[in-house]
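Structure record follows, encoded as structure tokens.
Sequence lines set the chain letters: A, B, ... in the order given, protein chains first and strands last, and positions in each chain run from 1.
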Amino acid sequence: MDLVLSGFKQAFLLIIRLDRELLRIILLSLKVSAAALFIAAVFGVPLGAVVGLRRFPLRGAAVSLMNTMMGLPPVVVGLFLYILLSRSGPLGFMGLLYTPSAMVIAQSVLAFPIVASLSHSAVMGVDPVIRQAALTLGATPFQAAIAVLNEARYGVMSAVIAAFGRLMAEVGAILIVGGNIAGLTRVMTTTIALESDKGNFELALALGIILLMISLAVNAVLYLLQRSGGMKRGRSWA
Amino acid sequence: MKPKLLIFSILILSLFVIYSASAETRLRCASTTSTLNSGLFDHILPIFEKKTGIKVDVLAVGTGAAIEIGKRGDADAVLVHAKGLELKAVEQGYFVNRHDVMYNDFVIIGPVEEPVKVKAVRSAAEAFRLIAKAGHPFVSRGDGSGTHIKELSVWLEAAVNPKGAAWYLEAGQGMEKTQRIANEKRAYTLTDRGTWLGTKDRGRLDMIIVLEGDPALFNQYGVMSVNPQRHPHVKHKEAVMFTEWLVSKEGQEAIASFKDKNGNRLFIPNAVLK
Amino acid sequence: MGLRLEASGIHKAYNGNAVLGGCSFSFESGVYALMGTNGCGKSTFLRICALIEDPDMGEVNYYSGALLLEKDIKLRRRITLLLADVGVFNLTVLKNASYGLRIRGMDKNELRQRAESALEFAGLIHKKDHSALTLSSGEARRLGIARAVAVEPEVLFLDEPTAYIDRRNSELIEEMISNMKKETVIIATHDEAQARRLAGRVLSIEGGRLA
């Protein structure tokens with residue numbers, strides 16, 4: 001128990017002191033996750049919307065695939081990307097392995113199915129009458145899709161934030177492709193893994209607490225978003 | 001819509017920040033977790049960087065993985081402690097310019113109560129035979145690290161094949177975790193002196209050194225550069241500078257002056273000075 | 001030149017259940033009422049006439065004079081349908097009213113003026129900055145009409161505009177319909193008295209056919 005207490009104490013001190021190295025680690029965590037999230041959202045939200053709105057062959061299979069991909073084991077993604085990005089691999093010429101860019105790629109791969117699948121659910125949750133109403137007012141099919149997506153915006157934002165939470169907490173993939181290099185690819189989770197490896201439980205715990213606080217903040221934002229968008233009428237969740 | 005635009009631009013900006021990787025010269029050196037955890041790099045790299053302006057990024061993995069990463073061309077230099085493997089990889093043409101840098105030694109640690117009375121013997125092989133005969137738990141790194149390779153060579157010398165035995169536990173973890181597992185299981189294990197000295201108090205390990213000083217437990221560190229003919233993209237010039245500095249008088253002194261926070265000297269430089 | 005609609009032999013089935021079995025209809029300017037009990041296919045017929053759903057068989061054609069018009073977005077933007085279930089967007093009342101103008105790429109100032117005057121017409125101008133989801137069902141229906149008239153359609157279909165709302169709102173809506181600057185309005189309703197009050201011509205759908 002005293003370990004937990006001293007962990008909290010050290011976390012508090014760390015936050016107050018906020019030394020440069022720690023700040024860099026926290027910022028890199030945020031930057032990598034945010035960049036990955038951006039990429040995942042740019043591709044994932046439209047995909048989720050298309051799968052939710054268009055009828056096409058194998059649509060059911062596409063939905064199942066997206067849902068399955070949500071559970072992609074990060075270490076497998078990391079390993080796969082390692083092989084791809086390694087100098088001896090097909091994409092080795094890009095020199096991306098052990099750089100923050102490699103971490104962004106890995107995390108994009110992890111976040112993409114989450115964003116796509118949850119966006120798909122959000123779009124599916126929109127009353128079909130919204131699309132019809134847009135069409136009756138002269139919307140093109142694309143504009144009608146945008147109207148539906150706009151209606152699902154709180155759900156889509158939740159999807160994006162949920163993916164962000166997962167990314168911030170992810171360690172397996174970024175450890176493999178980032179290499180946990182001090183000052184270059186070391187982020188919060190890999191630092192926690194390293195420090196607990198070194199037996200620096202207090203520092204690891206302190207970092208864990210900071211990570212938790214960030215997650216908490218993110219979830220508070222999520223909650224507020226959902227509440228402000230929560231004035232929904234009794235829609236049929238078809 | 002304005003806040004959305006703002007968030008978007010921040011995100012795009014952050015992308016650029018990440019992609020515009022710094023222009024300074026960086027050298028990527030694959031090494032072992034135990035070397036990194038000892039704090040040696042934190043001591044010597046700033047000295048090297050100050051002198052040459054080259055920033056060394058250390059990739060800490062197991063010895064086996066470090067050599068493999070070098071072979072694949074994903075690092076520029078490798079600093080590990082498995083001389084046999086290193087020489088073999090040089091022979092195969094993956095690396096060039098290998099030099100001895102320093103050494104530390106391995107020790108066998110066990111529970112303070114010493115159930116097998118290993119302290120009575122002098123050689124590591126004999127100690128392993130005793131443990132095997134008693135069937136007392138022994139924790140192996142089991143991760144292809146230099147320590148693991150050393151341990152396997154001692155088993156070979158002891159003419160015991162522990163693989164699959166119920167008392168032989170393969171952790172597949174770093175040295176510190178392996179030590180902690182041994183502590184929890186009241187088992188014996190082979191560890192490097194640096195990790196042991198650096199963690200025994202902090203980790204509240206209820207263990208003692210039961211055998212040390214056997215020449216068979218000598219742990220030689222070497223540095224080598226990835227062969228630029230095989231991987232033209234590597235920073236060969238910088239890797240050679242790093243190697244030459246490590247084996248220079250200045251580099252060797254830097255290693256010698258490194259002490260852990262308990263004031264113990266962990267590495268003894270032994271490069272053949274030019 | 002006003003629009004003339006000709007619908008001929010419209011068939012439509014959902015999951016094998018025939019809803020419409022050969023509806024034919026033609027109209028030009030005026031107010032028409034389409035009578036029929038609930039579930040008789042009025043809504044389906046309106047959606048097909050408004051070109052947002054395709055019939056299984058038969059054809060809907062619009063003419064300008066003798067010219068057959070292509071069923072493209074340009075034509076669709078001359079026609080509007082108010083759905084029975086309005087489909088209010090989760091936006092402010094004003095943004096709902098201006099939606100049809102926004103997707104037509106109208107200039108912001110003009111758009112605002114037109115949307116506001118539509119809201120005034122619907123008696124909702126005092127709520128323009130409220131979330132549309134906070135409106136009562138009667139107000140939502142009025143917003144639906146405002147949203148539809150804001151785009152100044154040449155043909156306006158109204159699907160059960162006063163069903164399931166209170167008397168006062170019904171009266172307000174009937175008044176709005178009577179006051180519309182309109183070319184053609186087709187109102188689907190199950191209320192015969194209302195049909196006679198509002199429309200010049202009354203038709204009825206029975207058994208999936210127009211009578």
Per-residue tally against chain A (heavy atom, under 4.5 Å) across C:Leu101, C:Leu82, C:Leu83 peaks at C:Leu83
Where the side chain of C:Ser178 meets the backbone of C:Glu174, is there a donor-acceptor pair that is under 3.5 Å apart?
yes
Any idea which of C:Leu91, C:Ile79, C:Val151 has the most non-hydrogen atom pairs under 4.5 angstrom with chain A?
C:Leu91
Which heavy atom of A:Leu135 sits nearest a heavy atom of C:Arg76, and at what distance?
O-NH2, 3.2 Å
With a 4.5 angstrom heavy-atom cut-off, is it the side chain or the backbone of C:Leu51 that approaches chain A, or both, or neither?
neither
Salt-bridge contact C:Lys42-C:Glu160 (side-chain N to carboxylate O under 4.0 Å)
yes
Regarding C:Gln194 and C:Thr162, is there a side-chain donor-to-acceptor distance under 3.5 Å anywhere?
yes
Quick one: which residues of residues 102-120 of chain C reach chain A at under 4.5 angstrom, heavy atoms only?
C:Ile103, C:Arg104
More than 12 heavy atoms of other groups within 6.0 Å of C:Phe25 CZ
yes
Partner of A:Val187 under side chain to side chain contact (heavy atoms under 4.5 Å, CB included), chosen from A:Leu28, A:Leu175, A:Val171:
A:Leu28
Side-chain donor or acceptor of A:Asn150 paired with backbone N/O of A:Ile146 under 3.5 Å:
no
Salt bridge between C:Arg4 and C:Glu6, side-chain N to carboxylate O under 4.0 Å?
yes
Heavy-atom proximity to chain A below 4.5 Å, by part of C:Leu81
both
